[in-house]
Amino acid sequence: MTPVGQYPKSSKPDGTWLLVPANDMIGWTQGFFPGENWLLYEQSRTSDWRTRAEAWTRPLEVQQCNMQTHDLGFKFMPSYGLAYQLTGDTYYKQVLLTAAGALASRYNPRVDIISCCDWNPDWHLPMVADTLVDLELLLWGARNGGQVGWRDMALNHALRDLADIVRPDGSTFHVVDYDPNTGAQLFRGTFQGYSNTSTWARGQAWNVYGFTMLYRYTHDPRMLEAAQRVTDYYLSRLPSDAVPNWDFDAPSLHKDSSAAAAVASALLELSNYVPDASKQSMYWNAALRMLDSLSSPAYLDSTDTTPGLLLHGVGNLPAGQEVDVNLIYGDYYFLEAVRRFQRQTRPPSASDWYSKLDFAAATHALGSGNTGTVTVEFDVTPLDAPLDSVIGYADSSTTVTAFSQLSMLIRMNASGFFDVRNGALFAAANPVPYAALSTYHFRMVADLPAQRYSVWVTPPGGTEVLLADRFAFRTGAPPIDDLGKVLTKSGFVDNEYRVSGHTVMGSAGSVWFSKPGFFAGTRSLGPGHTGIQMIDFDVTPRSNNIDGVIGYADSSANVVSRSELAMHLRLNPAGFIDAYNGTRYAAAASVPYTANTTYHIRIMANLPAQRYSVWVRSPGGPEVLLADRFVFRPEAPVMDDIGQLSLKSTLDSDFSVAGHTMVPVTGLLPPEEEQPPAPRE
C-alpha cells in the first residue's frame, strides 16, 4: 500500500500512514521503514524482505549530499547502514561515507557541536538531544574509510551534550542555543517538551540510546558514565508499566511508546558494558519490563486496527501533532529491541561468548598449555536458524584471519544441522539438527599429536550423540601443537549464536584412547600410588561388541600382555563389562555397554591385600557393584604401587578413558573379611 519512494511517518485517523517523500530534506524519519525491512531480512534471510528493503533504501540516495539537517544519522544508519552490514555491497558504503561528509559540514569547531538545523529563525546555533543518535553516522564513517577527524567531532559534540544538556541529576534539556561566534549560551530549554525545566521523555531516551552507542564506538569511560546517569534518572521516573508519559513533568497523561522502545533497545546493549553485575541485571530486567509492556495488548496492535505496530506514540504534543498514534520510529526501535533480545536471551555473563563476523573480535585466547590430548566442553545456543557459522580452533601462535587457519571446526550449517570438518570436507557421523534458542552441550576430545578429534553433542533433554569420530584436522591448516585459540565466528551478522561455559580440561593426558597392543596402550601413572587407592574414571566404548582391556601394573613391570596386569577390567565382546578375578573373568552383576555411551568406573584397590572391587554407573542410573574384592592376577608381577595403566583394544581408539584420578584412602577401614579362593579354569 506504500509506494516506493514514500516513507511512513505516523498513522492518520483513517488508518493509513502519513507519508514523507524520499526527497524531503528536512524530514527525519525516512530511514526507519527500510530499516524495519532490513531487520526482518536479517531474521528471515528470505529474498522477499531483502527486495523490499532495497526498494525503499535506494531512493534515499538523494539525501546523501543534504547539508540542511543533522538528521542524516536517522535517515542513513537504519537504511544504508543495515544494508551494508547485511549485504557487504560497497554501493551502500560509498553513500554512507558521502552522507557522513555532509553531516560533518554542520560541525562548528568554536562550540564543538553539530548544528541541528537552519529552519527555525529563533535559533542561532542550536544543539538538540536528538543529534546524539545521529552521531553514529560520523563514528561509523571514521571507522570505515572516512576522515578520522569525524570521530573527534562526534565525541566533542557528545561531551558538549553531557555538559550542557544533561542536568546534574541526570535529567535533560531538549535544546541549547549558542552564539555561533562566541559560544555563549543564548537559550536552554525545550521545543517538544512540556516546559523549559521539564524532561521530555523521548529527549531523555535519545540521550540513553546515544551515549550507549557512543561508548560502543569509542570506549570512552565518560560516555559510559553519562549513559548510566541519564538511564538511572529515566528509570527512576517510570510508572509501573515501564512506558513513560510523553514528558516526565507534564500534568497531561499521554504515553509515549516510542521512547520506551528506544530505551529498551539501548538497555539491552548497555547491560553488556557496565562492569557492575547488579547494574547489568537491573538494566537487563528493566529492558524486559519495557518489552513486556510493549508486547502486551495495551501497546501492541495485534489486531491490525492501525497501520503500525505500537500504539500510543507521541510525536510533538505542544504543536498538536501526532498524539496517540503509531510512529514509524517507535516501531523500528521496538523491532530492533526484539532482535537484540533474540540474539542475547539472558543477562550478560562472563562465561558467555557471542559470535562475531570479524575474525579478530571472534577470537578468544585459551593459553599455550593445552597440549597432548585435551577435552573441551561448552554449550552452544543458536540465536537464529538456519545459520552458516563456525566454532574453530587454532594454535596459540596463529593469527586467525581466515577459516583455512583453523585446524578443527564445528559448524552450524545452512541446512539446519551440526557437522564437523574432516580433512578437506565437512561431514557428520550422525547429523544433529539444531533450532534457534535451544542449547546444545558439546564435548570434544582433541588428540593433537595424532591430529585427530572427536565430537559429541547432547541435544536439549536428549542423550549424547557422536558427531565426529576421530576426524582429521583440516587439510592445509597451520601446525597445531597446543589448543591456544577458539573462534566463535558468525556467518551473517554479529551475535548469531552464544557459546557458554567453555572449558579445556587438563591439557596432556586427561583423555586417553586405547591402542592395539598392550605396550602401545600403556601409560605411566607415576610413582607413589601405594597402600589403598580409590581410582575414578569415565570409559566410553566407541562401538559395540569390542574386546577392550583396562589394566593396571606395577611401575617396574614390562607390560606386553595381560599376564603383566595385576587387575584389569574388560569390555567383553559379548557386550557387557567384567573384571579379572584371580584366574578368569567374572562379574558380580552384569553391566551391558553400548557404543558412544559413557560409564563411570570406581575401583577400590587394596595393594597390601592384593584385592580390588569395582563399581560401574551407567548414564542416569545407580552405581552397580561389578567386582566384589576380586583377587589380583597371581602370575602378574607383584604390584606394590599402581604405576602403569594399559588400554588395549583390537583397533585403534576402540574406547577412551577420561578424567582418570587416583586418591589414597586413609582412615579406618572395615577389617578384612575372608573370601573364597578365586575360581580356577
Side-chain angles (χ1 to χ4, degrees), residues 25 28 31 60-85 88 90-118 123-166 175-185 206-207 209-227 269 273 358 360-361:
M25 297 297 169
W28 66 281
L60 294 180
E61 179 182 343
V62 70
Q63 295 275 347
Q64 66 181 314
C65 296
N66 181 3
M67 298 181 183
Q68 301 178 46
T69 179
H70 65 142
D71 281 322
L72 296 182
F74 282 126
K75 297 186 189 196
F76 280 100
M77 292 311 298
S79 57
Y80 277 76
L82 282 176
Y84 181 62
Q85 175 185 321
T90 56
Y91 157 74
Y92 296 116
K93 178 180 180 179
Q94 292 308 313
V95 171
L96 285 165
L97 291 174
T98 301
L103 180 58
S105 73
R106 299 192 62 81
Y107 182 71
N108 184 298
R110 180 179 295 276
V111 188
D112 284 331
I113 67 164
I114 299 287
S115 174
C116 85
C117 50
D118 307 321
W123 292 343
H124 303 81
L125 180 64
M127 173 176 67
V128 296
D130 319 40
T131 311
L132 208 60
V133 182
D134 287 302
L135 298 177
E136 184 174 7
L137 181 58
L138 293 177
L139 294 164
W140 183 93
R143 183 182 284 185
N144 288 275
Q147 296 181 25
V148 294
W150 293 346
R151 179 187 184 277
D152 293 335
M153 292 180 184
L155 187 57
N156 289 341
H157 179 107
L159 291 170
R160 180 64 65 183
D161 181 295
L162 178 58
D164 294 348
I165 281 184
V166 179
V175 183
V176 182
D177 190 28
Y178 301 92
D179 184 312
N181 298 312
T182 67
Q185 288 187 17
W206 293 146
N207 277 271
Y209 193 101
F211 282 123
T212 300
M213 174 272 297
L214 274 142
Y215 183 74
R216 181 204 319 157
Y217 279 91
T218 67
H219 291 283
D220 188 308
R222 295 171 293 182
M223 299 298 98
L224 183 57
E225 187 279 330
E269 179 177 6
Y273 300 150
D358 179 73

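All values below come from the heavy atoms of this structure, side chains included, with hydrogens, waters and symmetry mates left out.
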(request) Check the pair M223, L155 against side-chain contact (heavy atoms from CB on, under 4.5 Å), reporting the backbone distance first and the verdict last. (result) CA-CA 9 Å; M223 299 298 98; L155 187 57; 4.0 Å; yes
(message) Main chain of Y80, side chain of K75: is a donor-acceptor contact present, judged purely on distance under 3.5 Å?
(response) no
(message) As an exercise, state the distance from CG of L138 to CG of L72, rounded to the nearest 0.5 Å.
(response) 9.0 Å
(message) Can a donor-acceptor pair be found, under 3.5 Å and without considering hydrogens, that links the side chain of D112 to the backbone of H157?
(response) no
(request) Take T212 and R216 through the test side-chain contact (heavy atoms from CB on, under 4.5 Å) and record every step on the way to the result. (result) CA-CA 6 Å; T212 300; R216 181 204 319 157; over 6 Å; no
(request) Locate the shortest heavy-atom distance separating D118 from M67; write the atom from each residue and the value. (result) OD2-O, 4.4 Å
(message) Any heavy-atom pair between the side chains of L224 and F211 that's under 4.5 Å?
(response) no
(request) Check for a donor-acceptor pair, side chain of R110 on one end and backbone N or O of G183 on the other, with a separation under 3.5 Å. (result) no
(request) Kindly indicate whether the side chain of W140, heavy atoms from C-beta on, has any atom under 4.5 Å from the side chain of K93. (result) yes
(request) Search all heavy atoms of D177 against all heavy atoms of L125 and return the closest pair with its distance. (result) OD1-N, 2.8 Å
(request) Look up atom CH2 in W28 and atom CG in D130, then write down how far apart they are to the nearest 0.5 Å. (result) 7.0 Å
(message) Donor-acceptor check, side chain of D134 to backbone of F74, threshold 3.5 angstrom: yes or no?
(response) yes
(request) Establish, from distance only, whether the side-chain atoms of Y91 and E61 form a donor-acceptor pair under 3.5 Å. (result) yes
(request) Give the minimum heavy-atom separation between L135 and A158, together with the two atoms involved. (result) CD1-N, 4.2 Å
(message) To the nearest 0.5 Å, what is the distance between CG on L159 and CD1 on I113?
(response) 13.0 Å
(request) Decide yes or no for V175 and W123: does some side-chain heavy atom of the first lie under 4.5 Å from some side-chain heavy atom of the second? (result) yes
(request) First locate atom OG1 of T218, then atom CZ of R143, and finally report the distance between them rounded to the nearest 0.5 Å. (result) 9.0 Å
(message) Evaluate Q63 against V95 for side-chain contact (heavy atoms from CB on, under 4.5 Å), listing each step before the verdict.
(response) CA-CA 9 Å; Q63 295 275 347; V95 171; over 6 Å; no
(request) Using only heavy-atom distances, determine whether the side chains of Y178 and D164 contain a donor-acceptor pair under 3.5 Å. (result) yes
(request) Quick one: closest heavy-atom pair of L162 and A226, and the distance? (result) CD1-CB, 3.6 Å
(request) List the atom of N66, the atom of A102, and the distance in Å for their closest heavy-atom pair. (result) O-CB, 3.5 Å
(request) Would you mind checking if D220 and R151 are paired as a salt bridge, meaning a charged N to carboxylate O distance below 4.0 Å? (result) no
(message) Distance check, rounded to the nearest 0.5 Å: F76 atom CZ versus Q64 atom CD?
(response) 6.5 Å
(request) Just do the side-chain contact (heavy atoms from CB on, under 4.5 Å) check on C116 and T131 with the steps written out, would you? (result) CA-CA 7 Å; C116 85; T131 311; 4.1 Å; yes
(request) For R160 and V111, indicate whether the former's side chain and the latter's backbone hold a donor-acceptor pair under 3.5 Å. (result) yes
(message) Using modelled atom types and a 3.5 Å cut-off, is there a donor and acceptor pairing between side-chain atoms of R106 and backbone atoms of S115?
(response) yes
(request) Taking all heavy atoms of V133 and all of M213, pick out the closest pair and write down the distance. (result) O-CE, 3.8 Å
(request) Starting at CG of L97, measure out to CH2 of W150 and round the result to the nearest 0.5 Å. (result) 5.5 Å
